[in-house]
Amino acid sequence: MGATRCSKVTGFNTFVIALLLSLTFIVISWLQDPRTLVPLVRVLDNKNRFLTTGSLNTTEDFGVFGPEKGLYNFTVVTGLMDIGRGSWSHQSRTYDQYLSYLRQVLRLDVNLVVYVDRKGQDFVEKTRHGRERHTKIIVMELVDLPYYRYKDRIAEIMNSTEYKTDNVLVQYHLCESYIPEYDIITLSKMYFINRTVWENPFQTSYFVWLDGGYSHGKDIYPKNSVWIPKGLFEYSDKVTFIEREPVKDYENKTDRLHKMTTGSLMGGFFAGGGQVLKELSQMQVELMNEWMKKGIIDDDQGAFMLLYFRKPSLFHLVKGEWNDVFKLFNVD
């Protein structure tokens, strides 16, 4: 009786252990499968500590793409680097906020080159899962950017009496007037796209810059994330910009443009063929050298306006607003 009972108990225990092992295997497989729900996502905060982001917990968040439906004859370039914006007293946004904005760009079914710091790399890889062969991730830190060497000089300019005098940007405490890192990262958009043109990982002849934070989470992206551009490729010998207000209104104000609140040319999007982008990039490098010598600094939008006045034939301007990229340049 004792032996029989022990045998039954042993058999029952074996069954329970086997069941638990099976369940454990199923759970582990489920967690490792990027197509399933992942309850917790680890994201690094500004101090390189892992945070739990409960909102990033759906299949779509991790970029599980279906069959290829996109147009792959052009390259989109984007980027995200932490410049400490979450701790600013004005115009602050957290790194997690920018990750949520970036996710919309990463979901586009296009050839995509992403310049991202190390703390964002894992997020980009997960979100682009299923489009690896249409994705190039380049991990860089802010200090790696060519313009970072000007950081101290930019800070010196921003603190100078001449720069602060009659400067509307300073009066309104706008970030481009007192945060060197902001101007460095925005001016580096031309570096990112120029480097991509030279390396050309997808062997395309047309390139698009789209801010990693473009639209700030607004639902303006193409249906099913399939972008079929229109009104761009036929102007491949020019750089297309969205013109929010007439740039020519500032033609006689170029000497003080860096002290004005202007947004005529939107810096969050521009596009063109490889050759014209190389030329514009070189022009910006020369402009930056001039600025450092003359004690001038501005962000990307101010730089683009000055470059327009130097060689307007390089530019194709289309009337529109901040969030009109897919309204203006998408087949649907």
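Predicted model only: the values in this text are computed from it and were never measured.
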Taking [Y]'s backbone N and O only, do any of them form a donor-acceptor pair with [X]'s side chain (distance below 3.5 Å, no angle check)?
X	Y	answer
Arg107	Ser225	no
Asn224	Val226	no
Glu132	Gly130	yes

Please name all residues satisfying side chain to side chain donor-acceptor pair (under 3.5 Å) with [X], sequence neighbours left out, ordered by chain then number.
X	value
Arg153	Glu156
Thr78	none
Asn111	His134

For the aromatic rings, using the six-membered ring if either is Trp, is the centroid distance between [X] and [Y] under 6.0 Å?
X	Y	value
Phe269	Phe329	yes
Tyr98	Tyr101	yes
Trp227	Phe326	yes

With side chain to side chain contact (heavy atoms under 4.5 Å, CB included) as the criterion, how do Leu142 and Ile83 come out once you've worked through the C-alpha distance, each side chain's angles and the decisive distance to 0.1 Å?
CA-CA 8 Å; Leu142 187 70; Ile83 58 173; 4.1 Å; yes

Determine the sole option in Phe304, Phe270, Tyr308 for which the side-chain contact (heavy atoms from CB on, under 4.5 Å) test with Val239 is passed.
Phe270

I need the single residue from Val110, Leu108, Val77, Leu112 that forms a side-chain contact (heavy atoms from CB on, under 4.5 Å) with Leu210. Which is it?
Leu108

Point-to-point distance, once rounded to the nearest 0.5 Å, from [atom1] of [X] to [atom2] of [Y]:
X	Y	atom1	atom2	value
Phe123	Lys119	CZ	NZ	13.0 Å
Leu307	Phe315	CG	CZ	5.5 Å
Leu277	Met190	CG	CE	5.5 Å
Phe207	Thr196	CZ	OG1	7.5 Å
Asn194	Glu199	CG	CD	10.0 Å

Answer yes if [X] and [Y] sit in the same cluster of Ile, Leu, Val, Met, Phe, Trp and Tyr residues linked by side chain heavy atoms under 4.5 Å apart, and no otherwise.
X	Y	value
Leu314	Leu232	no
Val143	Val116	no
Ile242	Leu280	no

Contacts of Glu176 meeting side chain to side chain contact (heavy atoms under 4.5 Å, CB included) (sequence neighbours excluded), chain-then-number -> Leu169, Leu174, Tyr182, Asp183, Asp299

Is the NZ or CZ atom of Lys253 positioned over Tyr250's six-membered ring, under 6.0 angstrom from the centre and within 45° of the axis?
yes

Quick one: which residue pairs count as a side chain to side chain donor-acceptor pair (under 3.5 Å) with a foot in residues 257-274, not counting sequence neighbours?
Glu162-Lys259, Glu245-Ser264

State whether Lys69 and Asp109 are salt-bridged, where the test is any N-O pair (Lys NZ or Arg NE/NH1/NH2 against Asp/Glu carboxylate O) under 4.0 Å.
no

Is the shortest heavy-atom distance from the side chain of Val247 to the side chain of Phe309 under 4.5 Å?
yes

Identify each donor-acceptor pair in which a side-chain atom of residues 281-288 lies under 3.5 Å from a protein atom, sequence neighbours left out, and give them as a table.
residue	atom	partner	partner atom	Å
Gln282	NE2	Glu286	OE2	3.4
Gln284	OE1	Tyr147	OH	2.9
Gln284	NE2	Leu187	O	3.3

Give a yes-or-no answer on whether the side chains of Gln121 and Glu125 include a donor-acceptor pair shorter than 3.5 Å.
yes

Can a donor-acceptor pair be found between the side chains of Asp144 and Tyr115 at a distance below 3.5 Å?
no

Using 30° and 60° as the class boundaries, would you call the ring planes of Tyr221 and Tyr214 parallel, tilted or perpendicular?
perpendicular

